[in-house]
Amino acid sequence: MNNEDKKFYVLLGAPGVGKGTQGKLIQEKTGYSHLSTGDLLRAEVSGGTELGLKVKSIIDSGELVPDHLIIDIIKHRIETDKVKGFIFDGFPRTIPQAEAFEAMLKDEQAHLDGVILLSLDDEEILRRLEKRREIEGRKDDNSEVQRQRLNVYKEQTEPLISFYKNKNILKEVDSSGSVEEVLQGILNIL
Ligand code: AP5
């Protein structure tokens, strides 16, 4: 399949809003590849790779991994994955990442079809992350790092909302409903 025929969607939203949960379900429903930069980085950390060793302490502190490392990972996957579409989760996360993404897609004669903003209030986000910490024990889900991740989101990722609004490709889905309700809201857009 040519890249220009592939679909490219981004799930945007704060940590714990449900991007990973929905990304997996969308992959099942549509056959698009769910690409979570958080999952990819955690796999590098648990595999003890050179990249994993570089990024472990950054992830554990709730800060963002340097843009160029993330951009390289995504570029490689766009060039090599043989799929009919992508659903990005956790990427782009900064304006420089969004600009690099745009350039990458242009090089591939492709374009971004849509950005889906999942919205939820901070209280419910922290409740969901707390619950996940009890179940999964993710190191960056402890309460201090959770707050830091939310701050980083507001400072570095929220500007992407205006960035994509200005391009008329941003759609918002309320993430406070059940997993099934949120999924339906997203599928109505895709
Ligand atoms: P990443 O893994 O991307 O973390 P995140 O964005 O903080 O997102 P989370 O995985 O915490 O939450 P989610 O929105 O996927 O929610 P989930 O579906 O799990 O990134 C981790 C780190 O990697 C970053 O801090 C950074 O260091 C680095 N990184 C990653 N990408 C990067 C990038 N592009 N640039 C630089 N650094 C990068 O849901 C949360 C919980 O809620 C779950 O338990 C779930 O079961 C539950 N839940 C979900 N939906 C519902 C619902 N509708 N009702 C009730 N519960 C629900």
Side-chain angles (χ1 to χ4, degrees), residues 10-28 34-46 51-78 86-101 104 115-161 163 173-187:
V10 165
L11 284 180
L12 184 64
V17 78
K19 304 181 298 295
T21 304
Q22 297 299 332
K24 288 182 191 88
L25 294 170
I26 296 164
Q27 174 168 289
E28 278 170 28
H34 165 224
L35 226 56
S36 155
T37 39
D39 286 350
L40 293 171
L41 292 169
R42 281 185 290 279
E44 297 284 339
V45 172
S46 55
L51 175 61
L53 292 173
K54 247 188 235 170
V55 300
K56 184 179 183 313
S57 61
I58 304 176
I59 295 175
D60 289 349
S61 69
E63 297 297 331
L64 295 183
V65 167
D67 289 333
H68 71 276
L69 294 177
I70 300 290
I71 291 164
D72 285 350
I73 295 174
I74 296 292
K75 194 167 187 325
H76 177 69
R77 295 295 297 262
I78 290 179
F86 288 91
I87 182 107
F88 294 93
D89 152 11
F91 174 88
R93 229 170 169 112
T94 62
I95 296 284
Q97 288 184 21
E99 287 169 345
F101 186 37
M104 242 182 258
V115 176
I116 297 155
L117 172 67
L118 296 180
S119 50
L120 191 63
D121 61 63
D122 286 2
E123 245 174 61
E124 177 60 16
I125 283 176
L126 292 170
R127 248 197 306 274
R128 286 186 187 177
L129 288 176
E130 197 48 41
K131 202 164 160 199
R132 188 176 68 185
R133 187 181 65 80
E134 286 162 17
I135 299 167
E136 295 179 20
R138 238 173 83 171
K139 213 170 163 193
D140 60 349
D141 276 347
N142 74 65
S143 54
E144 197 184 313
V145 180
Q146 278 170 13
R147 296 221 169 256
Q148 178 56 13
R149 287 164 59 206
L150 267 177
N151 290 339
V152 168
Y153 172 76
K154 288 178 201 297
E155 278 166 22
Q156 301 196 48
T157 309
E158 262 184 4
L160 292 177
I161 296 175
F163 181 87
V173 172
D174 176 6
S175 196
S176 65
S178 67
V179 169
E180 294 70 28
E181 284 167 344
V182 179
L183 177 63
Q184 200 46 59
I186 297 172
L187 291 175

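Both ligands and their constituent atoms are indexed starting at 1 by order of listing.
Rounding to the nearest 0.5 Å places CG of Leu35 at 5.5 Å from CG of Leu40. One finds the CD atom of Gln156 at 4.5 Å from the CG atom of Leu64 (value rounded to the nearest 0.5 Å).
Atom numbering of ligand 1 starts at 1 in the shown order; those under 4.0 Å from a heavy atom of Ser178 are 53 (N). Numbered from 1 in the order shown, with element, the atoms of ligand 1 that lie under 4.0 Å from a heavy atom of Gly90 read 31 (N), 32 (C), 33 (C), 34 (N). Within the listing of ligand 1, atoms 14 (O) sit less than 4.0 angstrom from a heavy atom of Ala14. Within ligand 1, the atoms closer than 4.0 Å to a non-hydrogen atom of Val179 are 50 (N), 51 (C), 52 (C), 53 (N), numbered from 1 in the order shown.
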Problem - salt bridge (charged side-chain N to carboxylate O under 4.0 Å, His left out) evaluation trace for Arg42 with Asp39 - result: CA-CA 5 Å; Arg42 281 185 290 279; Asp39 286 350; 2.8 Å; yes

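Dense packing is recorded around CD of Glu136, with more than 12 heavy atoms of other residues, nucleotides or ligands lying under 6.0 Å away.
Between Pro92 and ligand 1, a contact under 3.5 Å exists for no N or O pair.
Nearest non-hydrogen protein atom to atom 49 (C) of ligand 1 is Thr21 OG1, 3.3 Å. Closest to atom 16 (O) of ligand 1, if we only count protein heavy atoms, is Gly18 N, 3.2 Å. Considering only non-hydrogen protein atoms, atom 21 (C) of ligand 1 sits nearest to Arg42 NH1, 3.6 Å. The protein heavy-atom contact nearest to atom 44 (O) of ligand 1 is Arg132 CB, 3.4 Å. For atom 37 (N) of ligand 1, the nearest protein heavy atom (residue, atom name, distance) is Val65 N, 3.0 Å. Distance from atom 22 (C) of ligand 1 to its nearest protein heavy atom, with residue and atom name: Ile59 CG2, 4.0 Å. Of all protein heavy atoms, the one lying nearest to atom 4 (O) of ligand 1 is Arg138 NH2, 3.4 Å. Of the protein's non-hydrogen atoms, the one nearest atom 8 (O) of ligand 1 is Lys19 NZ, 3.3 Å.
In this structure, of Leu41, Ile73, Thr37, Ile70, the residue bringing a heavy atom nearest to atom 29 (N) of ligand 1 is Leu41. Nearest-residue assignment for atom 12 (O) of ligand 1 (options Gly20, Gly13, Gly16, Gly177; heavy-atom criterion): Gly16. With atom 42 (O) of ligand 1 as the reference point, the heavy atom nearest to it among Gln97, Arg128, Glu130 is part of Arg128. Among Lys24, Arg149, Arg93, the residue whose heavy atom lies nearest to atom 24 (C) of ligand 1 is Arg93.
Using a 4.0 Å cut-off between a side-chain N of Lys or Arg and a carboxylate O of Asp or Glu, Glu130 and Arg127 do not qualify as a salt bridge. A salt bridge does not link Glu134 to Lys131: none of the charged nitrogens lies less than 4.0 Å from a carboxylate oxygen.
With hydrogens and angles ignored, the 3.5 Å screen pairs no side-chain donor or acceptor of Glu124 with any backbone N or O of Leu120.
Side-chain contact between His34 and Leu25 is absent, with no heavy-atom pair separated by less than 4.5 Å. Within the 4.5 Å cutoff, the side chain of Ile73 has no heavy atoms near those of the Phe91 side chain. Side-chain contact between Asp141 and Arg149 is present, with at least one heavy-atom pair separated by less than 4.5 Å. In this structure, Phe101 and Val10 have side chains that are in contact, with non-hydrogen atoms separated by less than 4.5 Å. At least one side-chain heavy atom of Leu118 sits under 4.5 Å from a side-chain heavy atom of Ile186.
With a 4.0 Å cut-off on non-hydrogen atoms, Ser176 does not touch ligand 1 at all. At a heavy-atom cutoff of 4.0 Å, ligand 1 is contacted by no atom of Glu181, backbone or side chain. At a heavy-atom cutoff of 4.0 Å, ligand 1 is contacted by no atom of Ser36, backbone or side chain. Residue Glu63 touches ligand 1 through its backbone alone, judged by heavy-atom distances below 4.0 Å.
Here the closest heavy-atom approach between residue Pro66 and residue Ile58 is recorded as CD-CD1, 3.9 Å.
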